[in-house]
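This report concerns only the one structure given below.
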Amino acid sequence: MKLTSFLILTSAVSLVSALGQLGFDLGVRITETECKEASDYEDDLDAISPYGVSTLKVFSASDCDTLEILGPIAEEHRFTISLGLWPSPPDKFEAEIAALEEFLPTIRKATIKSFLVGSESIYRGDTTPEELADLINEVRDVVKDIKDKEGATFDDIPVGTVDTWNSLTNVSNAAL
Ligand SMILES: *[C@@H]1O[C@H](CO)[C@@H](O)[C@H](O)[C@H]1NC(C)=O
């Protein structure tokens, strides 16, 4: 019996290593219209911590003031954030950039694991590959000049996107 449990644990662990590092996709709303508050995030991170997952993924910096509220809490709990940014419509993208400029300086750069511009925006046709590539470059330009709370810049934090594998391998999307 003990041996069986051990073997199951071993295969689970090697499966995780084979998959790479796991993260947790964190919702930022309690209901469709109600945003989470700091205390909700505290509860979330307390609940997730025992699972050995230390990276969070969110879709937006500006929705529900996510970067403002979650950033310092994640940092305090030693989580890193893969920070999503909506590339469209243009006023949403501007709000994302404004959130970066205002709130990245409130945390340490090590708290941000990556900036992810768009989520399936090529697959869904929200942006063309060329438009998305331009926006990714724009985010790179913006974050390289933002200083974190210790004066370090975010210039070496990866900036990329999330999309379906066939969107990423399709030669029609080479601009990306
Ligand atoms: C690649 O993208 C083009 C343009 O969207 C599409 O017509 C084509 O079917 C795609 N090819 C594959 C293999 O998905």
Side-chain angles (χ1 to χ4, degrees), residues 10-36 44 48 51-71 74 79-104 107 109-146 153-176:
T10 308
S11 56
V13 167
S14 50
L15 180 62
V16 169
S17 334
L19 289 170
Q21 204 188 344
L22 296 179
F24 201 94
D25 222 327
L26 192 65
V28 298
R29 289 187 169 82
I30 296 173
T31 64
E32 227 166 279
T33 52
E34 197 184 348
C35 292
K36 286 185 183 172
D44 285 347
I48 300 167
Y51 296 96
V53 172
S54 60
T55 300
L56 306 170
K57 155 83 192 312
V58 292
F59 285 101
S60 165
S62 64
D63 281 355
C64 285
D65 302 323
T66 300
L67 180 58
E68 176 181 8
I69 301 172
L70 177 62
F79 276 81
T80 57
I81 303 175
S82 285
L83 184 62
L85 304 165
W86 290 123
S88 64
D91 60 337
K92 188 67 200 173
F93 182 70
E94 276 168 34
E96 301 287 30
I97 295 291
L100 294 179
E101 287 173 335
E102 188 166 1
F103 301 112
L104 284 180
I107 57 177
K109 91 166 173 182
T111 301
I112 302 295
K113 189 178 179 66
S114 54
F115 297 99
L116 300 172
V117 188
S119 181
E120 300 184 343
S121 62
I122 300 299
Y123 170 71
R124 287 185 280 121
D126 294 343
T127 58
T128 65
E130 292 77 11
E131 284 163 351
L132 187 59
D134 284 348
L135 297 175
I136 289 171
N137 284 329
E138 190 175 332
V139 170
R140 276 199 187 116
D141 272 352
V142 167
V143 301
K144 80 175 167 37
D145 293 326
I146 298 179
T153 62
F154 289 82
D155 62 341
D156 57 349
I157 306 298
V159 183
T161 188
V162 177
D163 219 303
T164 59
W165 71 268
N166 55 323
S167 298
L168 297 174
T169 54
N170 190 332
V171 291
S172 306
N173 300 332
L176 194 54

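Throughout, numbering of the chain's residues begins at 1 and tracks the sequence. Just so you know, ligand 1 is whichever comes first in the structure, and atom 1 is the first atom listed for that ligand.
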Verify, without hydrogens or angle tests, whether E131 (side chain) and T128 (backbone) share a donor-acceptor contact under 3.5 angstrom.
yes
More than 12 non-hydrogen atoms from neighbouring residues, nucleotides or ligands closer than 6.0 Å to CD on E102, yes or no?
no
Between E120 and T164, is any side-chain donor less than 3.5 angstrom from a side-chain acceptor?
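Looking only at side-chain atoms, T164 and E120 do not form any donor-acceptor pair under 3.5 Å.
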Non-neighbouring partners of F93 that pass ring pair (Phe, Tyr, Trp, His ring centres under 6.0 Å), sequence neighbours left out
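Counting only residues at least two positions away or on another chain, F93 forms no ring pair (Phe, Tyr, Trp, His ring centres under 6.0 Å).
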What residues sit with at least one heavy atom under 4.0 Å from ligand 1?
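Around ligand 1, where the cutoff is 4.0 Å for heavy atoms, the contacting residues are N170, S172.
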Between F59 and W86, what is the ring plane arrangement, given parallel below 30°, perpendicular above 60°, and tilted in between?
parallel
Can you name the one residue among L135, L85, V139 that meets side chain to side chain contact (heavy atoms under 4.5 Å, CB included) with I97?
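With I97 as partner, side chain to side chain contact (heavy atoms under 4.5 Å, CB included) holds for just one option, V139.
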